[in-house]
Amino acid sequence: MTEENKRPDETQIPEEELVPENDEIIGRAFKWSLAVIGVIAVIVVAIVLIQQEDDVVEETKEKSVGKIADLESKSEKRPQVEFVDVTRESGIAFVHESGARGEKLLPESMGSGAAFLDYDGDGDPDLLLVNATVWPHVAADGPKSTQGLYRNDGEGHFEDVTREAGLAVSCFGMGAAVGDFDGDGDPDLYLTTVGSNRLFRNDSGQFLDVTEASGTGGAADQWSSSSGFFDYDGDGDLDLFVCNYIRWSREIDMEINFTLNGRDRAYGPPTNYQGAQPYLFRNDGKGVFTETAEEAGLHVVNRATGVAVGKSLAVIFEDYDHDGDLDVFVANDTVRNFLYRNSGDGSFEEVGERAGFAYDTGGNATGAMGIDAAFYRNDESLGIGIGNFANEMTSLYVASEGIDQFADEAIIEGIGSPSRLRLSFGLIFFDYDLDGRLDLLQANGHLEEEISQIQASQEYRQPAQLFWNAGPEARACFVEVPREDGLEALAEPIVGRGVTAADIDGDGDLDLLLTQTGGAPKLLRNDQELGHHWLRCRLVGTQSNRDAIGAEVTLVAGGRIQKRRVMPTKSYLCQVELPVTFGLGKKAEIESLTVRWPDGTLQEIPNVTADQLLVIRQDQ
C-alpha cells in the first residue's frame with residue numbers, strides 16, 4: 001500500500017486490496033508527505049530552541065497553551081462557563097448498540113446520530129437517539145435494540161416515549177434528518193442506515209413508516225450516513241439530500257482483512273473501498289419523492305476508472321454565492337470535498353476544486369467527518385468547519401466578505417495546531433457564552449480501542465474541544481478553552497461521534513448532547529451565569545415549509561451584525577433544534593431584526609425586546 005492511501009496511524013496492506021486512484025490524487029498525496037516532513041522538522045527545531053522536555057506529544061500541547069495566552073492578551077477575557085453532565089438525572093437511559101461482536105466490521109465504528117425536534121408541538125425540544133443493532137448473522141444476546149425517543153417536559157427532564165410514538169424500530173441506524181415534508185406542522189423523521197433507509201411521517205406525535213409509499217428507502221445494499229431536508233428547486237416544499245458513504249458489505253470487509261499490528265483484524269480505512277453516489281429525493285407533493293441525483297448533476301466519477309469519487313459522511317446547506325439558492329457542501333472521507341453550486345433551475349455543478357473547498361492547504365484530501373457553516377466573524381465572511389482524522393488539523397474554509405473563493409484558515413484562526421492530534425467527528429458553531437460571537441465545538445474519539453499500543457500519541461477515548469471566539473481584536477479568532485474553565489464534564493474522554501445543541505431547559509442558552517459509539521450519550525447543561533442577554537427566534541413559514549428551513553435571520557445589536565440560518569442539518573449524523581439563538585452580551589437593545597424567508601421575501605420585525613423566545617410568522 002502506498003503512503004498516500006493510508007491514514008497517518010495505520011499500517012500497510014497489500015496493494016491489490018486498494019481501489020485504483022488516478023495520478024492526480026497520488027501526486028497530491030505525495031506533496032502532503034513532503035509537507036508533513038517539513039512540519040515535523042519545524043516542530044523538532046522549535047522544541048530544541050525552547051529547551052522543553054523530550055516528549056513530543058506533551059511539547060505540542062504546551063506550545064498550544066502558550067499561543068492561547070498570547071492570543072487572548074489582545075482580546076476580551078475568556079469567560080468562565082460550566083457545562084454539567086445531567087444525562088442520568090434528566091431521565092435518559094439510552095446506550096448505543098454498535099453491533100460489534102469481534103469481527104471488526106467498519107460500520108460498527110461510525111455511529112451514531114441524534115436529533116433535537118419538537119415532535120409533539122409543545123414548544124420545547126425533544127430528543128431522538130439513533131441506534132444500530134446486532135448483525136443478522138449474529139445470534140442476539142438480549143432484546144432487540146431500537147431507536148430512542150425522549151419527550152422533554154420543558155425543564156430539561158425527559159421521558160422515554162419510543163414505543164408509544166411508534167419508533168420502537170430495529171435497524172442498523174446511522175443518522176437522522178428532521179423536516180416537515182408534508183406541510184402539516186409536525187416534524188417528520190428520516191433515518192439513514194446500513195441498508196434501506198426509513199421515512200416516518202409524524203401525525204400529531206405518532207410516527208408512521210411511509211418509506212415504501214414515499215419512495216425514499218434507497219438501495220438495500222447502500223450505506224447512508226448524514227442527510228438533510230432543504231428546498232433545492234425553489235418550489236416551496238422540502239426535498240431530501242442523503243450522503244452515501246462507501247460500497248460496503250460484510251464480504252468485502254472480511255476479504256480486505258485489514259490489520260494494524262500485522263496479526264489482529266482492525267477497522268479498515270475507506271481507501272480500501274469504492275465510493276458511492278448520493279441520493280437527492282425531490283418532493284413531488286402528496287408524500288411522494290423522486291430520486292434525481294444523477295439528473296441534477298450530483299454524480300461525480302473518477303474519469304480514469306468510472307468509479308464514484310464521493311465517500312460522504314456529512315452535509316451542510318448554505319448560499320455561498322449569494323444568489324438566493326442553497327448550495328450543498330459535502331465532507332468526504334479521504335477524497336476531495338464537494339461543493340455543489342445550485343444553478344437555480346433544479347440542477348447543480350460540482351465546483352469544490354475551483355472554489356478552494358476540495359483540499360487542505362497542502363492540496364490534499366483529508367479524512368473529513370463532521371461539517372458546519374457559520375458567519376462567525378459577524379460580517380459577510382462565510383466559514384465552513386470540517387472535523388478530520390487523527391494527525392490532520394480541523395479544516396476551516398473561509399470565503400472572505402464579498403469573495404466566493406475559500407481558503408483554509410484553520411492555522412491562522414487558532415484551531416489548527418490544537419486540533420491536530422484529535423480524531424474529530426461532530427462539529428458545530430454555537431454561541432455558548434451568549435456574547436454575540438459564534439464559538440466552535442468538536443467531538444473526538446478514535447476508531448480502534450487498541451490504538452495507543454500502535455501510536456502513543458493517540459487514545460481511543462478523547463475529550464471534546466471547545467474553541468472560544470475571541471473576537472476581531474485577537475491575533476486569531478478562536479482560543480481553545482482549557483478543562484479548568486468549567487469543562488470537566490465536556491472534557492471527559494469519550495468515543496465521541498455526533499454533536500447537537502438545543503435549549504433544553506428554556507433559560508436562553510444552548511445545551512449540548514454528544515453521542516458515543518457503543519456507549520451512552522452525554523447531555524450537558526449549559527450553566528453559564530454571565531448576565532448576558534439573548535434572543536431566540538422560532539420561524540413559522542408558509543404551508544409547504546412551516547419550519548422555514550433555509551430562512552436567514554439577521555440581527556443588529558450594539559453595532560454588531562449577526563446572521564443565523566434556520567437549518568437543523570449540521571455536525572455529523574445529527575440535527576439541531578429549529579429555533580436560532582443570538583447572544584447579545586451586556587447590551588439588551590436590539591436595533592433591527594430581519595428575516596429573509598426561503599422564497600426570498602424580506603420581513604422586518606419591529607420593536608424586538610431581548611431575553612425571549614420570539615415566534616415570527618411569515619407576513620405577520
Side-chain angles (χ1 to χ4, degrees), residues 115-126 152 154 177-189 201-205 228-239 283 285 317-319 324-326 375 431 501-504 506-508 510 533-557 561-570 575-584 588-620:
F116 280 112
L117 72 161
D118 183 10
Y119 91 98
D120 53 0
D122 64 356
D124 50 53
D126 309 300
N152 188 349
V178 176
D180 182 9
F181 76 83
D182 55 359
D184 66 353
D186 299 319
D188 307 302
L189 176 65
R201 189 183 68 220
N202 184 347
D203 291 340
S204 301
F229 286 97
F230 77 124
D231 181 9
Y232 84 91
D233 52 3
D235 64 355
D237 54 29
L238 291 176
D239 312 297
N283 190 338
F317 310 103
E318 187 54 71
D319 181 13
D325 303 310
L326 289 177
F375 295 93
D431 185 1
D503 181 10
I504 63 170
D507 63 356
L510 289 171
H533 298 285
W534 50 273
L535 177 70
R536 286 168 49 77
C537 300
R538 171 75 164 90
L539 273 58
V540 180
T542 61
Q543 179 66 34
S544 55
N545 187 358
R546 292 279 188 88
D547 292 331
I549 288 176
E552 184 179 78
V553 187
T554 302
L555 177 145
V556 180
I561 300 174
Q562 300 184 54
K563 296 172 70 172
R564 302 285 188 271
R565 179 80 62 186
V566 179
M567 183 55 63
T569 302
K570 55 183 60 190
Q575 305 272 284
V576 301
E577 64 172 358
L578 280 170
V580 295
T581 299
F582 295 94
L584 303 175
E589 182 180 352
I590 296 169
E591 296 157 31
S592 69
L593 185 69
T594 306
V595 177
R596 181 183 293 275
W597 295 93
D599 61 8
T601 59
L602 289 176
Q603 185 175 350
E604 298 284 343
I605 313 301
N607 306 319
V608 178
T609 58
D611 304 322
Q612 65 164 320
L613 172 62
L614 179 65
V615 178
I616 305 172
R617 300 183 183 276
Q618 190 164 2
D619 296 323
Q620 64 180 11

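In what follows, residues are counted from 1 in the order of the sequence shown.
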- [ ] Given side chain to side chain contact (heavy atoms under 4.5 Å, CB included), test Gln603 with Thr594 step by step and report yes or no.
- [x] CA-CA 6 Å; Gln603 185 175 350; Thr594 306; over 6 Å; no
Open item on the list: I'd like to know whether Gln562 forms a side chain to side chain donor-acceptor pair (under 3.5 Å) with Thr554, so could you lay out the CA-CA distance, the side-chain angles of the two residues, the decisive distance to 0.1 Å, and finally the verdict.
Closed with: CA-CA 6 Å; Gln562 300 184 54; Thr554 302; over 6 Å; no
Task: Chi angles and distances behind the side chain to side chain contact (heavy atoms under 4.5 Å, CB included) call for Val566, Val580 - done: CA-CA 7 Å; Val566 179; Val580 295; 4.1 Å; yes
- [ ] Under the side chain to side chain contact (heavy atoms under 4.5 Å, CB included) rule, what do Trp534 and Asp611 come out as? Steps first, then yes or no, please.
- [x] CA-CA 5 Å; Trp534 50 273; Asp611 304 322; 3.4 Å; yes
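Looking only at side-chain heavy atoms (C-beta outward), Phe582 and Cys537 come within less than 4.5 Å of each other. Side-chain contact check for Leu584 versus Leu555: some heavy-atom pair is nearer than 4.5 Å. Using a 4.5 Å heavy-atom threshold, the side chains of Leu593 and Val553 count as touching. Side-chain contact between His533 and Ile590 is absent, with no heavy-atom pair separated by less than 4.5 Å. For the pair Leu578 and Ile549, the minimum side-chain heavy-atom distance is below 4.5 Å.
Crowding of Ile561 atom CD1: a count of heavy atoms from other residues, nucleotides or ligands under 6.0 Å not exceeding 12. Dense packing is recorded around CD of Glu591, with more than 12 heavy atoms of other residues, nucleotides or ligands lying under 6.0 Å away.
Taking CG from Leu189 and CG from Asp180, the interatomic distance works out to 12.5 Å, rounded to the nearest 0.5 Å. Distance check, rounded to the nearest 0.5 Å: CG of Asn202 to OH of Tyr119 gives 8.5 Å. Considering CG of Leu238 and CG of Asp188, their distance stands at 9.0 Å, rounded to 0.5 Å. For the atom pair CG of Asp503 and CG of Leu613, the computed distance is 8.5 Å after rounding to the nearest 0.5 Å. Once rounded to the nearest 0.5 Å, the distance linking CG of Asp203 with CG of Asp186 reads 7.0 Å. Taken to the nearest 0.5 Å, the CD atom of Gln575 stands 10.0 Å off from the NZ atom of Lys570.
When all heavy atoms are compared, the tightest approach of Pro187 to Asp118 is CG-O, 3.4 Å. The two atoms that bring Asn545 and Pro598 nearest to each other are ND2-CG, 3.8 Å, heavy atoms only. Pairing each heavy atom of Ile605 with each of Val595, the nearest pair is CG1-CG2, 4.4 Å. Across all non-hydrogen atoms, the minimal contact from Phe229 to Phe317 is O-CE1, 4.2 Å.
Partners of Asp599 under the side chain to side chain contact (heavy atoms under 4.5 Å, CB included) rule, at least two apart in sequence or in another chain, are Trp597, Thr601, Gln618. Evaluation of the side-chain hydrogen bond (donor to acceptor under 3.5 Å, both in side chains) rule for Thr581 yields Arg536 as partners, not counting sequence neighbours.
Pairs of residues two or more places apart, or lying in two chains, that qualify as salt bridge (Lys or Arg N to Asp or Glu O under 4.0 Å) and include a residue from residues 542-553 are Arg538-Asp547, Glu552-Lys563, Glu552-Arg565.
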